Amino acid sequence: MPLAQLLSGPVDVAARGLLGCVLSAHGVTVRLTEVEAYDGVGLDAASHAHRGRTPRNAVMFGRAGLAYVYFTYGMHWCLNVVCGEDGEASAVLLRAGSIVDGLELARSRRPSATDRDLARGPARLTQALAITGAQNGTDLLAKDSAVRLRPADPGTDHGSVEVRSGPRVGVVGEAQREWRFWLAGEPSVSTYRAAVVRRQRG
DNA sequence: TGATGGATTACA
DNA sequence: GTAATCCATCAA
């Protein structure tokens with residue numbers, strides 16, 4: 001199935017399908033090993049689009065295959081693939097990947113990380129690929145994009161790789177769903193951390 | 001206009 | 001365990 005068609009369908013199905021796909025940006029390529037699905041307006045309290053369109057989440061309302069990049073915790077960028085039909089506002093957060101090309105460049109961008117940690121986590125992944133808000137709205141499926149998403153290499157046998165699922169990271173309460181998906185046995189999959197109550201500020 | 005807290009990470 | 005550090009969003 002073409003990637004565009006997969007991404008236009010149900011977001012949890014799209015998320016599973018994204019595992020094993022390759023993402024290239026600025027000289028580094030990763031194979032996606034961990035993703036998280038978020039549904040559209042009114043359907044998923046954990047989604048940035050839950051309360052409707054805002055300046056930040058506007059890209060989520062575009063067509064499937066666009067990059068939604070947001071800034072969080074005052075220092076980190078996270079990359080999502082917009083899914084669903086035009087106007088639906090569902091998306092898949094890319095949480096981790098393993099480096100398949102541009103290893104030296106990735107190392108230079110994250111000097112203190114071990115190889116397995118280079119793109120192990122949503123903000124680490126964007127660091128390794130040098131992705132920032134400047135790439136928000138990029139068409140990941142276009143040939144000439146600085147950030148490109150492609151199907152899993154047909155030559156690789158992914159048929160035997162098991163997809164696991166579990167609760168989403170950083171999501172609490174009734175919004176929780178088993179919508180985090182990863183490839184079994186992949187060292188680059190991030191360790192699960194339950195959401196913690198925010199500490200008191202001074 | 002001010003308060004709140006976050007789809008995280010690094011380090012003690 | 002907890003500090004770092006900006007800003008989108010919301011209540012008033």
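Everything numeric here is computed off the predicted structure, so don't read it as measured data.
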If we take the P atom in both C:dT5 and B:dG2, what is their distance in whole Å?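 23 Å, rounded to whole Å.
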OP1, OP2 of [N] versus side-chain N and O of [X]: anything below 4.0 Å?
X	N	value
A:Arg180	B:dA7	no
A:Thr54	C:dA8	no
A:Arg95	B:dT8	yes
A:Arg110	B:dT9	no
A:His48	C:dA8	no

request  = For B:dA3, give its Watson-Crick or G-U wobble partner with both distances under 3.5 Å, or none.
outcome  =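 B:dA3 is paired, partner C:dT9.
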Considering only side-chain heavy atoms of [X], which listed nucleotide, [options], is closest?
X	options	answer
A:Asn57	C:dT9, C:dC6, B:dT8	C:dT9
A:Met75	C:dC10, C:dT5, B:dA7	C:dT5
A:Tyr73	B:dG6, B:dT9, B:dA7	B:dG6
A:Pro55	C:dT9, B:dT9, B:dA7	C:dT9
A:Arg56	C:dA8, B:dG6, B:dT9	C:dA8
A:Phe71	C:dT5, B:dA7, C:dC6	C:dC6

Integer-rounded Å distance: [N] [atom2] and [X] [atom1]:
X	N	atom1	atom2	value
A:Trp77	B:dT9	CH2	P	15 Å
A:Arg168	B:dG6	CZ	P	14 Å
A:Met60	C:dT9	CE	C1'	15 Å
A:His50	C:dA8	NE2	C1'	17 Å
A:Leu93	B:dT8	CG	C1'	11 Å
A:Arg51	B:dT4	CZ	C1'	13 Å

Can you confirm whether the side chains of A:His48 and A:Tyr68 place a donor and an acceptor under 3.5 Å from each other?
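Short answer, yes.
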Check [Y] with [X], please: is the shortest side-chain N to carboxylate O separation under 4.0 Å?
X	Y	answer
A:Glu186	A:Arg31	yes
A:Asp115	A:Arg107	yes
A:Arg63	A:Asp139	yes

Would you say the base of B:dA7 stacks on A:Tyr38 (centre-to-centre below 5.5 Å, plane angle below 30°)?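 Stack criterion met.
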query = Can you tell which of A:Arg124, A:Glu34, A:Arg120 makes a side-chain hydrogen bond (donor to acceptor under 3.5 Å, both in side chains) with A:Ser190?
reply =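 So the option named by the test is A:Glu34.
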Which is true for A:Ala123 with a 4.0 Å heavy-atom rule: it touches a base, it touches only sugar-phosphate, or it touches nothing?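 Result for A:Ala123 = sugar-phosphate.
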